[in-house]
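It should be emphasised that the depicted structure is a prediction, and the values quoted were computed from it without experimental measurement. First listed ligand is number 1; within each ligand, the first listed atom is number 1.
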Amino acid sequence: MEEARIKIRIRCRQCGEKFVLRGRRDKGQINTGFKQCLCSNIDDFEIEENL
Ligand SMILES: [Zn+2]
């Protein structure tokens, strides 16, 4: 099992708000616990991973 702590940058495509979160990669999927933007956008984001 591969699991690593990573830093994620999320930018909302609706309002441009940016978030920096810590997440973890689990079997190729990134989990951050991030639910939604302040503007209620839940699925239109640019996600950037910083190892
Ligand atoms: Zn937003």
(request) Any chance you could measure Cys12, atom SG, to Glu46, atom CD, to the nearest 0.5 Å? (result) 10.0 Å

(message) Are more than 12 heavy atoms, taken from residues, nucleotides or ligands other than Gln29, located less than 6.0 Å from that residue's CD atom?
(response) no

(request) Could you count the protein N, O or S atoms found under 2.8 Å away from the Zn ion (ligand 1)? (result) 4

(request) Answer yes or no: is there an ion pair linking Glu48 with Arg11, defined by an N-O contact shorter than 4.0 Å? (result) no

(message) A quick test of your reading: do over 12 heavy atoms of other residues, nucleotides or ligands sit less than 6.0 Å from CD1 of Ile47?
(response) yes

Donor-acceptor pairs under 3.5 angstrom involving side-chain atoms of residues 32-41: please list them, not counting sequence neighbours.
| unit_1 | atom_1 | unit_2 | atom_2 | d |
| --- | --- | --- | --- | --- |
| Thr32 | OG1 | Phe34 | N | 3.0 |
| Asn41 | OD1 | Asp43 | N | 3.1 |
| Asn41 | OD1 | Asp44 | N | 3.0 |
| Asn41 | ND2 | Asp44 | O | 2.8 |

(message) Using the rule that Ile, Leu, Val, Met, Phe, Trp and Tyr join whenever any side-chain heavy atoms are under 4.5 Å apart, tell me whether Phe19 and Ile30 fall into a single cluster.
(response) yes

